[in-house]
Structures are given as structure tokens and as C-alpha cells.
Amino acid sequence: MNIVKSPAQIVWRYVASLSGVGLALGALFFAAALTPTLVPRSYLIQGVLAGTCFAIGYELGVLWRWLWRYLELPEPSPRIRSAANVAVAVGCFVTVILFLWRAVEWQNSIRSAMNMELVETAHPAKVSVIALITFFALFWLAKSFKLVTSFVSGRIRRFVPRKIANFVGLLVAVLLIWSTATNLLIRAAFSALDSSFREFDALFEPERPQPGEATRTGSAASLVKWNELGRAGREFVASGPTAAQIAAFTGRPARNPLRVYVGLRGADTARGRAELALGELKRQGGFERSVLIVVTPTGTGWIDPAAMDTIEYLADGDVASVAVQYSYLNSPLSLLFQPEYGAEAARALFAVIYGHWTTLPKERRPRLYLHGLSLGAMNSQDSAELFETIGDPIAGALWSGSPFTSRIWRSITANRNAASPAWLPEFRDGRFVRFMNQNGPTVAPSTPWGPMRVVFLQYASDPIVFFDYHYAYQRPTWINAPRGPDVSAELRWYPVVTMLQIAVDMAVATGTPLGYGHVYAPEHYVDAWVALANLRNWSGEALGRLKIHLGKAANVSAGASGDNPYSDRGG
């Protein structure tokens, strides 16, 4: 007798062993994963996402089937069950085909909202193949987990009742796999990534030589050495508009903006780096400028040029900005592995800058602002406590793309005025906090401000701002009408699937054009800084020209590098 099975027989055996309920639920999850969310997806990303949703739906179906049998509930006869499985299989197959057919339309609904070029195909065959590969990879991981659980419970069952043994086996399997993943895989990956990012940070760019001017950070006269700035720090201090460029555009006298930056190599502690930054800022005369900005960078130390170039033009270069690096990792990794580092660094820098600023005569000191993008915005929000500054308040803060975990952002959004949408809230009378997007603020410019101004710049299509774990079982409020101008009208909420879709959207949120997703455009920073800094020497026509000028510079730089320089680079 021939006992050797062909590959086709092996495949058929495993396919036949799959759960019918699981396949049905998995197919529905697969179909739902093809619907649009906040940003466009490539066929590769779409395939991995759909395959993951398929696997999760399948395992939920298996769990449902197991729970039904475990509770010893009555089951239909084999004939009824077979007929129902055939009907469900046909229905799911039709649903999947229909959703694959509409995938192009759904992706184009996002691209149209973002003024992107439309696509002719969503590559349904490629999506399906990638999804199947992803499904079976996850299926075998789940199978391995079940084998471990069965092995442990089988050994324990000799000494304790079956149900207790099953529970203990499950618990031991979870602890074993979690311990292995965190102590071996994750820590090894973190160590490798940290080393890789550290080496990248140390690379010198030949196009950015050490500054020769004594007033620049990293020069021979600077307290901060050029080789200790890090890649992002060197990019920050060596870029930006000069006094001549600003004056040529505005027709008014201008000053060279001051940019102070301290990299991780500058000192061993966050407090040490903050003290070094304060010393360098005082050396350059930063407290003699009209505007002083304490900037919290993204995870890699990168600072968005769209934000800084804009205020430097608007204030005729009479600006000093200061920042310190707190990580080599990009923002998602930094948030996952080093969540306390960013808050500690931001807190230390604000404490020393604010402490010195409060000793200066009020009539001669600069207006003090906070700024941060993405993870920088979240950490900046944690850098100052209201009760510490209420006696001598700062001028305000501009926070763009605040992550969904941002404490202050979440509190204000949750307590917004009832009639305002979640994607562009209004908070009380707008005297303290205002939200802005591509279309500006909801509050009229003539609305009076209080003693301190806070502006949140955010796009409705930014998944880093609007993700939430609750979407697994709760419909997002920002889906309600009216929707944001850059959100697809075809977007629908599906339990579990929508949460996974937006989680994947976060990973590709910087792949959108300027002014959408997590890529904040200079023209929108213009509106934000004008509202925040109370700038009166700019006419509406001049502001329009500045927006065009900065927008063209951003697009030219993007075309030259093949990347978007205004995205949250590495962060």
C-alpha cells in the first residue's frame, strides 16, 4: 500500500480540516479589510492587512465553535450543517469577489479626497495571494500555540480535573510564548535597531559642512561639538532661511534665525543636555530675540522644517529655537521601548529654559512658545504643568499631529463643545485652545484670545491622531457627519477590522501628499503661527505669497530627494 501522500493530497487534507464557521467569518473580515479608511494602501499592505483580518476572523470562528461545543449546546444534524456550510461558503465567496471588484473604487475615494492621481487597478490577484500567504503563516503560529497548550494541559491532566488542566495549559502557553517573545525576540530586535539607528545618526552628510559662523550651533566657538549633534541635529542647524533670503522675500530688514540643538552625545543625562542647550542659547543671544521656541523633536530627533521655516519668515528671522535629542529610534519604536525618555527630555529642557526666562525683565524677554510634531507634540504637552506656569504664563504652544495617546489632547477633545466634530473640536469660547486643519480654525479670527494661546493643527485623515483601541468594538465619533474634507465618504466601521485598518494606516501615514495624513504642509503652519503669535505686519496678500513660496520649496525639495521632506522623517 502506498502511504506516501502527494503535495496536493497534503494541501487538501489541511484545507479540509479547516473550520467552516472560521472560514465564513474570516472571509467576511477579509472583505471588510478591503474597504477604505484614512490613507491609501498599496496592494502589498492591503494583502497583508486582509490576510491578517482573515486569520483573526477564522480564529474567532474557531473559538465560537469550540465555545458552542464546550457549553454542550444542541448542534444541527450533519445534513443541515452541510447545507448551511455550502450556502454560507457561496455567500462569502460572492461577497469577497464583490468587495475585490470594488477595491479600486474605494481606494480612489481616498485618493480623490487627497487630490492624488487615481489608480486603474487594486491588483486583486496579488492582494489575494499575499493575503493567503499571510493567513497560513498566522494559522501555523496559532496552530503552534494550540500544540503547546495541548501538550502542557495533557501533562497536568494526570493530577487535576480536565477543565482546570485546560485553563492552566492555556495560561502556561501564554506566559511561555510571551516570555520568549519579549525576552528573546523583542529585546534582540530592539538592540539591533538601536545600534542601527545610532550608527545612522552618527553619519556625516558631505553636503552639510561644519558651520563657520561663530553664532551657529556646532561651530568652532559653539559649546556643542559638531560631531555630537547627530544627523538630525546637523540637518536642523544647517538648514532654514537666512536673513538675506527672508529680507529678499519680505522687503523688510531681517535677522539670521538662531537654531540651538543638542544631540544625545552632548551629555550623559537629559538634565545635562538641557543645561548645555541653555548655555548655547545664552551664548548665541537667544533670549534677546522677540520669539523663543522650545521644540520637542520626533523619535529620531528630527524637527519638521515646515514648522520652523514658516515662523522664521513670519517673524522676519527674529526667532530663536532650541531642542534636544532623546532617542535614536523612530517615533513608533521610541514610544514602544522608551516612552519615558521623550517626556523626561522635554520636561528637563522646558524646566531650565523656563527657569531662566522667568528671571528676565518681562518687557525685554522674548515670547516663549512650545512646539512639537507627532511624538514630539505628545512629549511637549507633558513638559509643562499648568500650575507651575500660571503665575508667569508662557505665550502658547503649537502642537501638530498629536498622537492619540497625548494626555492633554485627549482631555480637550473629550470635553469639546457638543456641536463640534471630533476631527475639529471647538473648546469652550476658544480663548485658550483652538483646533485647525487645512481650512483653518473654526473660531473666527476676531475672537479674543486669553493670556496664553494653544493651537492644535491636525488633519481628519491623520491615523496617528485618530487611532484608538476602542474601535475594535466601538464606532469612532469622527465617522459621524459631517466628516473631514479629506476623509472618504465610503468609509464604514466594522468591529475589529476598522481598528486593524487604522493601525496599519499609522505605519504608512507619512506616504500621503503635503497637507494630508501625517504630512503637515507649510501653508497650514502659516495660518497656525499667525493665529498663535499675533503677527500683525503681514497682509492677506503677503501671507498668500508666502504660502505659495514655502509650498513650492517643499515640493521642489521632495522632487529632488524622491521623498517628502516635510513628513515625520524617521519619526
Under the side chain to side chain contact (heavy atoms under 4.5 Å, CB included) rule, what do Tyr516 and Val39 come out as? Steps first, then yes or no, please. CA-CA 9 Å; Tyr516 302 98; Val39 298; over 6 Å; no
Ser402 side chain to Gln458 side chain, donor-acceptor N/O pair below 3.5 angstrom: no
Atom of Asn379, atom of Ala346 and distance for their closest heavy-atom approach: O-CB, 3.5 Å
Check Ser400 against Tyr525 and note the closest heavy-atom contact, atom names and distance. OG-OH, 2.7 Å
Going by heavy atoms in the side chains, are Tyr354 and Leu368 under 4.5 Å from each other? yes
Sequence neighbours excluded, the answer for salt bridge (Lys or Arg N to Asp or Glu O under 4.0 Å) partners of Arg407 is Asp382, Glu385
Do Ser222 and Glu280 meet the criterion of a side-chain donor-acceptor pair at a distance under 3.5 Å? yes
Where Val352 and Arg271 come nearest, the two heavy atoms and their spacing: CG1-CZ, 3.4 Å
Which atom pair, heavy atoms only, marks the closest approach of Asp318 to Arg289? OD1-CD, 3.0 Å
According to the interplanar angle, ranging from 0 to 90°, do the rings of Phe236 and Tyr261 count as parallel (below 30°), tilted (30 to 60°) or perpendicular (above 60°)? tilted
Between Arg410 and Ser406, is there a donor-acceptor pair closer than 3.5 Å when you use the side chain of the first and the backbone of the second? no
Kindly indicate whether the side chain of Tyr369, heavy atoms from C-beta on, has any atom under 4.5 Å from the side chain of Leu398. no
Residues Asn415 and Arg428: side-chain donor-acceptor under 3.5 angstrom: no
Going by atom types alone, do Asp505 and Thr37 pair a side-chain donor with an acceptor below 3.5 Å? yes
Main-chain N/O of Ile293 paired to Ser321 side chain as donor or acceptor, under 3.5 Å: no
Close side-chain approach of Thr296 and Phe350, heavy atoms under 4.5 Å: no
Considering only heavy atoms from C-beta outward, does the side chain of Pro513 approach that of Asn115 to under 4.5 Å? no
Under 4.5 Å between any side-chain heavy atoms of Ile353 and Leu292, yes or no? yes
Electrostatic pair Arg545:Glu541 at N-O distance under 4.0 angstrom: yes
Student check: side-chain heavy atoms of Asn537 and Arg252 closer than 4.5 Å: yes
If I compare all heavy atoms of Met114 with all of Gly517, which pair ends up nearest, and what's the gap? CE-N, 4.4 Å
Phe467 and Tyr469 aromatic centres sub-6.0 Å: yes
For a salt bridge (Lys or Arg N to Asp or Glu O under 4.0 Å) with Arg259, tell me which candidate from Glu213, Glu312, Glu235 qualifies. Glu312
For the pair Glu344 and Arg347, find out whether any cationic side-chain nitrogen is under 4.0 Å from an anionic carboxylate oxygen. no
For the pair Phe456 and Trp399, name the ring-plane relationship: parallel under 30°, tilted 30 to 60°, perpendicular over 60°. tilted
Do we get Arg365 above Trp357's six-membered ring, with its NZ or CZ under 6.0 Å from the centre and within 45° of the axis? yes
Derivation and outcome, ring pair (Phe, Tyr, Trp, His ring centres under 6.0 Å), residues Tyr459 and Tyr520: CA-CA 8 Å; Tyr459 302 143; Tyr520 288 82; 4.4 Å; yes
Hey, are the side chains of Leu375 and Tyr326 touching, using non-hydrogen atoms and a 4.5 Å cut-off? yes
Ser374 versus Pro403, closest heavy-atom pair with distance: O-CD, 2.9 Å
